[in-house]
Amino acid sequence: MRRFRTMLAAAVLGVLPIAATAQGTYPERPITMIVPFAAGNSADILARVLADHVGRQLNTSIVIENRPGAESILGATTAARARADGYTIMLASTSALAAAPALNKNLPYDPVTDFTPITQISLQPYVIVVRPDHPAEDISQLIQMAKDDPGRITFASSNTTTRVASELFRSMAGIELTNIPYTGTDQAFLDVRNGQVAMMFAGSTSALPQIAQGTLRPLAVSSADRWEELPDVPTLGEVVPGYEFSAWHALVAPAAAPDEAISVLNAAFHAAMNDPDIAAQVDVALFPTTPDELSATIQRDIDVWHEIVEEAGLPVN
């Protein structure tokens, strides 16, 4: 993933000018970044690292306003209702802009029309992990075990995203799996290690240290490409053609935010993400995009989530 991140960062250097050459009068005062996660959360840390760097670039301050709650819906609602003047932005996520629309009939905001895309920030792929002595030696054997005994293989889901990643795998592989829900990843990891649950989709940040320690064994990664950190672990798409699943963070503003602000912020955050010092401070793959590319990603994932939620029969509020 590091090599992919570096290549992508280099590729976008020529896409947009740096913030100093793009800006006119914006910004003239501090910018508020709404973060729909608790302080100290990995997403909050990502936001603060980038905000500090970008604030110094633009000779202003970017103030973090944590608005956690309701699977990011609270923070997203606050951002959608803010003035569209370029001085309120939000660290959005798959949860707020793709999962929430699929899981809630009466969402207080529209993920497409109520926001202006600025840039994608990160990409978080997943890895299927099992206990070290699990009888499945590889992902193909796990799939075959599930086919031989439908419903016997269990998976831990610690949030909606990992549940949908698992359901998409189940559907595309043509197998039956049994979901065991958890309220957090720590207990889910413990039960996978102890053999109480067979497998789980785990985020790269939390899974890689445990894989390195030998307490979990990887079977496949959910991204389109193999990871530099796990070069011998296949992508799930190599065994289940077409499978690809990642979560992401992105930067958006309220709808109708000024074009100048969007251009300046896009360039400034790209410059931050291209800085090796910034990349070294965060535990995710930085993934800068154009506003149009982010818009396409949001719409694509909304469609995917709706399809999987409906197919899996997940409860819709």
Side-chain angles (χ1 to χ4, degrees), residues 1-6 40-43 45-46 122-149 151-159 161-170 172-173 175 177-240 243-248 279-286:
M1 287 191 302
R2 291 194 187 98
R3 181 173 63 183
F4 176 71
R5 176 177 61 204
T6 302
N41 176 281
S42 59
I45 294 171
L46 173 65
S122 70
L123 193 65
Q124 166 79 337
Y126 292 86
V127 54
I128 294 180
V129 292
V130 296
R131 69 181 189 274
D133 62 347
H134 191 280
E137 295 182 3
D138 54 37
I139 189 63
S140 295
Q141 287 190 10
L142 184 75
I143 292 172
Q144 189 59 53
M145 290 173 63
K147 289 182 176 179
D148 291 342
D149 195 351
R152 178 176 170 230
I153 299 294
T154 55
F155 69 90
S157 61
S158 57
N159 54 49
T161 305
T162 55
R163 172 73 187 277
V164 168
S166 304
E167 295 288 357
L168 182 60
F169 166 52
R170 177 195 60 74
M172 293 185 68
I175 57 178
L177 301 172
T178 299
N179 175 49
I180 308 296
Y182 288 82
T183 56
T185 57
D186 289 345
Q187 188 62 47
F189 275 131
L190 179 62
D191 284 358
V192 171
R193 292 196 300 265
N194 291 339
Q196 300 298 313
V197 183
M199 55 159 278
M200 70 180 287
F201 276 77
S204 54
T205 303
S206 55
L208 285 173
Q210 300 192 60
I211 292 170
Q213 294 165 9
T215 57
L216 291 172
R217 180 161 57 88
L219 294 185
V221 297
S222 71
S223 51
D225 301 306
R226 292 194 180 199
W227 298 0
E228 184 176 324
E229 297 89 339
L230 301 172
D232 296 327
V233 177
T235 68
L236 197 47
E238 292 175 41
V239 180
V240 182
Y243 187 97
E244 181 184 352
F245 188 93
S246 295
W248 41 261
Q281 294 179 56
V282 298
D283 292 326
V284 294
L286 299 175

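Since this is a predicted model, take the numbers as computed values, not measurements. What you see below is based on every heavy atom in this structure, not just the backbone, and it leaves out hydrogens, waters and symmetry mates.
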Is there side-chain contact between F201 and L168, with heavy atoms separated by less than 4.5 Å?
-> no

For the residue pair F169 and Y243, does the interplanar ring angle fall in the parallel (under 30°), tilted (30 to 60°) or perpendicular (over 60°) class?
-> perpendicular

So do the side chains of N179 and S157 get within less than 4.5 Å of each other, counting heavy atoms only?
-> yes

Closest non-hydrogen atom pair, S222 against S246 | OG-OG, 4.5 Å

Check against side-chain contact (heavy atoms from CB on, under 4.5 Å), Y182 and V197 | CA-CA 11 Å; Y182 288 82; V197 183; 3.0 Å; yes

Write down the atom of W227, the atom of Y126, and the distance for their closest heavy-atom approach.
-> CZ2-O, 3.5 Å

Spacing of CG belonging to N194 relative to OG1 belonging to T215, to within rounding of 0.5 Å = 10.5 Å

Flag the pair V129 / M200 as yes when at least one side-chain heavy-atom distance between them is below 4.5 Å, and no otherwise.
-> yes

Value rounded to 0.5 Å, distance of NE2 in H134 from CG in L216 | 12.0 Å

Shortest non-hydrogen contact from G203 toward Q124 = CA-NE2, 3.3 Å

Out of curiosity, I139 CD1 to I128 CD1, how far, rounded to the nearest 0.5 Å?
-> 4.0 Å

Do you know the tightest heavy-atom contact between P209 and T205?
-> CD-O, 3.3 Å

Closest heavy-atom contact between M145 and A136?
-> SD-CB, 3.8 Å

V282 side chain reached by I45 side chain, heavy atoms, under 4.5 Å = no

With a 4.5 Å limit on heavy-atom distance, are the side chains of L142 and M199 in contact?
-> yes

How many angstroms lie between atom CZ of R163 and atom CD1 of I180, to the nearest 0.5 angstrom?
-> 10.0 Å

Determine the minimum heavy-atom distance between A207 and V127, stating which atoms define it.
-> CB-CG1, 3.5 Å

Quick one: pull up CD1 in I143 and CD1 in I153 and give me the separation to the nearest 0.5 Å.
-> 11.0 Å

Check: T162 and T185 side chains under 4.5 Å, non-hydrogen atoms = no

About how many Å separate CZ of R217 and CD of E137, when rounded to the nearest 0.5 Å?
-> 7.5 Å

Take S122 and L46, measure what side-chain contact (heavy atoms from CB on, under 4.5 Å) needs, and give me the verdict at the end.
-> CA-CA 9 Å; S122 70; L46 173 65; 4.2 Å; yes

Under 3.5 Å donor-acceptor, T154 side chain and A198 backbone = yes

